[in-house]
Amino acid sequence: MTITLQRLRAPFVFALFMGLMAAFVTVAQPARAQSAVPAFAQAVAEAAARDKDIAAFYQANGYQPIWTGTSGKHRSRRSALLKVLGSAGDHGLPTSAYDMDILKTNLRQVDSKRQLGQLEVEMSRLFLLYARHVQTGVLTPQRVDSGIVREVPLRGRTALLTAFSKSSPAGFLKALPPKSGEYARLMKEKLRLEKLLAKGGWGQNVPGKSLKPGATGNAVVILRNRLIAMGYMKRSATQTYDTDMQRAVQLFQIDHGLNPDGVVGDGTMKEINKPVEKRLQSILVAMERERWMNIDRGKRHIWVNLTDFTAQIIDGGKVTFQTRSVVGKNTSDRRSPEFSDVMEFMIVNPSWNVPRSITTREYLPAMQRNAGAAGHLQLIDSRGRVVSRSNVDFSAYSASTFPYAMRQAPGTRNALGLVKFMFPNRHNIYLHDTPSKNLFAREVRAFSHGCIRLGDPFDFAYALLAKQSSDPKGTFHAALESGRETRIDLVNPVPVHIVYRTAAMPAKGRANYRRDVYGRDAKIFNALAKAGVVLRAVRG
């Protein structure tokens with residue numbers, strides 16, 4: 001894909017801004033304004049008829065202007081809107097969507113009440129478009145990828161116009177973007193990368209597939225220079241892969257979710273050679289994702305980042321618990337979806353009720369070949385009774401007609417392990433233990449059918465129960481040692497956010513990047529580019 005770079009110079013931007021501001025302040029007012037109010041109202045009604053939300057607003061306010069009047073309030077609204085539209089690119093928004101050149105022309109050429117009414121409605125439309133983009137995102141997530149089933153908190157458009165018309169314009173517009181510290185840090189990193197892009201990036205790519213400590217030569221010098229440019233090394237004249245360079249590589253690996261062995265293997269080499277443009281794309285996508293989640297996430301919440309293969313408990317903005325996780329395999333039917341819900345309880349010594357899709361796609365064909373296949377699973381009829389396999393002719397059924405469910409009894413070999421954490425949802429996704437502990441040592445941990453497996457599920461349970469029990473370990477193990485399937489409710493349910501972030505900005509330190517394991521962020525950036533979002537190279 002060809003990447004468009006906008007090279008912006010500060011004096012040019014300032015001059016354009018000042019010119020447009022002048023245009024807004026000097027809106028032409030047709031003669032005999034007082035006698036033509038009905039004509040203006042009719043023009044507004046006709047122009048707004050195509051948009052029911054805007055039409056409802058003007059009908060409710062008696063078709064009075066909020067933009068095109070001559071008072072100080074009208075001028076301040078115009079000025080405030082122009083200012084945010086002029087800086088929309090700072091948020092990674094599609095500046096071409098706001099068409100300020102046309103707006104400028106319209107403002108200077110208005111010579112009738114009809115045109116003034118049309119312009120009034122057009123400004124309301126631009127305001128609502130910008131507000132939607134900066135507040136809750138440019139894209140509709142599920143249209144980009146079916147695995148992003150997040151519900152975006154869209155605001156009512158009529159109510160938004162009403163609130164704006166009664167508020168301080170500059171303050172109202174300033175309050176629209178997400179308030180999260182993460183969004184502000186991403187925005188700052190975006191500007192840093194844009195300036196870096198204008199200067200040519202991090203320099204030459206490191207040649208070859210791998211480098212090890214002790215190596216010398218041209219590739220080592222190029223690696224050294226690139227690490228210095230990225231901020232992982234102080235200036236150095238070394239031509240040897242020494243301990244300082246090894247430490248710098250380890251820091252880079254930690255920031256990029258790689259095994260921190262200090263060796264530039266194939267995976268690390270690919271990440272080191274990623275250009276500034278690719279990192280900038282990740283930042284733009286992360287900002288869009290933050291806008292999709294412009295919600296109250298809960299003072300205490302669970303944060304599962306699929307690309308990072310971790311699950312965290314966040315209390316008051318700080319990570320108080322973290323464990324490795326295994327997420328859905330990168331196939332069309334197993335990728336873990338992205339959504340938010342609320343964890344209500346945990347089940348200790350759970351049974352595994354095998355999902356219908358797994359029963360019919362995986363186990364039924366196996367049992368048709370050998371009735372004893374998957375012998376650790378019980379057959380359950382429609383009345384909940386266990387059925388003997390000797391009484392079933394598996395060859396008589398297809399995936400659509402198979403009348404039985406399958407279940408695994410509680411125990412150490414259960415596919416869910418010894419505890420699962422429930423936030424009931426239509427996707428049948430939850431967090432759980434697993435007997436397959438070896439997978440947590442892998443760097444990329446995408447192996448499950450979609451649910452999230454936890455590396456330290458008992459400690460996770462203790463951390464949750466600590467808010468409601470003076471002896472969380474005792475509470476948990478009393479249920480565990482009973483051997484029975486036991487439900488423990490959370491007195492205060494905890495929001496769960498399953499997210500997908502290839503770029504994240506910690507409060508301290510450098511940007512963290514992760515690989516696009518499902519290819520979702522590539523789809524999002526392509527969709528943003530089609531909507532008009534561009535990569536900028538800013539000279540500053």
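FYI, the numbering just counts along the sequence from 1. What you see is a predicted model, and the numbers here were worked out from it, not measured in a lab.
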Heavy-atom donor-acceptor pair, [X] side chain to [Y] backbone, under 3.5 Å:
X      : Y      : answer
Thr95  : Ala88  : no
Arg77  : Ser165 : yes
Arg78  : Gly69  : yes
Glu182 : Met505 : yes
Arg514 : Thr307 : no
Asn273 : Asn205 : no

Salt-bridge present ([X], [Y]; N to O < 4.0 Å):
X      : Y      : answer
Arg515 : Glu443 : yes
Glu46  : Arg114 : yes
Glu189 : Arg185 : no
Arg536 : Asp90  : yes

Measure across [X] and [Y] and return the closest heavy-atom pair with its distance rounded to 0.1 Å.
X      : Y      : answer
Asp255 : Arg510 : OD2-NE, 3.1 Å
Arg132 : Thr140 : NH2-OG1, 3.9 Å
Asn294 : Pro177 : ND2-C, 4.2 Å
Trp67  : Ser124 : NE1-OG, 2.9 Å
Pro337 : Val149 : CB-CG2, 3.9 Å
Thr268 : Val249 : CG2-CG1, 4.4 Å

Checklist entry - Under 6.0 Å from the NZ atom of Lys329, do we count more than 12 heavy atoms belonging to anything else shown? => result no
Checklist entry - Considering residues, nucleotides and ligands other than Lys179, do more than 12 of their heavy atoms fall under 6.0 Å from its NZ? => result yes
Checklist outcome for this item: salt bridge (Lys or Arg N to Asp or Glu O under 4.0 Å) filter on Glu120, not counting sequence neighbours, yields none
Checklist entry - Taking only residues two or more places apart in sequence or in another chain, which ones pass salt bridge (Lys or Arg N to Asp or Glu O under 4.0 Å) with Arg125? => result Glu122
Using ring-ring contact (aromatic ring centres under 6.0 Å, His included) as the criterion, list what pairs up with [X], not counting sequence neighbours.
X      : value
Tyr518 : Tyr500
His256 : Phe252, Tyr513
Phe423 : none

Checklist entry - For Ala522, what residues pass the side chain to side chain contact (heavy atoms under 4.5 Å, CB included) criterion, not counting sequence neighbours? => result Asp516
Over 60° means perpendicular and under 30° means parallel, so classify the ring planes of [Y] and [X], tilted if in between.
X      : Y      : value
His427 : Phe339 : tilted
Phe127 : Phe172 : tilted
His91  : Tyr183 : parallel

Would you mind reporting whether [Y] and [X] have side-chain heavy atoms less than 4.5 Å apart?
X      : Y      : answer
Asn61  : Ile66  : yes
Ile429 : Ser336 : no
Phe421 : Ile452 : no
Leu280 : Lys190 : yes

Checklist outcome for this item: Checking Asn492, Ile314, Ile313 against Arg300 for side chain to side chain contact (heavy atoms under 4.5 Å, CB included), the one that qualifies is Ile313
Item to check | Worked check of side-chain contact (heavy atoms from CB on, under 4.5 Å) between Leu139 and Ile524 | outcome: CA-CA 8 Å; Leu139 307 173; Ile524 293 172; 4.0 Å; yes
Item to check | Criterion salt bridge (charged side-chain N to carboxylate O under 4.0 Å, His left out) against Arg501, the qualifying member of Glu288, Glu338, Glu290 | outcome: Glu290
Next on the checklist: Between Phe40 and Tyr63, does the side-chain contact (heavy atoms from CB on, under 4.5 Å) criterion hold? Intermediate values first, please.
Outcome noted: CA-CA 8 Å; Phe40 173 82; Tyr63 299 98; 5.6 Å; no
Checklist entry - Roughly how far apart are Arg155 CZ and Leu160 CG, rounded to 0.5 Å? => result 9.0 Å
Checklist entry - Looking just at side-chain N and O atoms, do Ser340 and Arg150 make a donor-acceptor pair shorter than 3.5 Å? => result yes
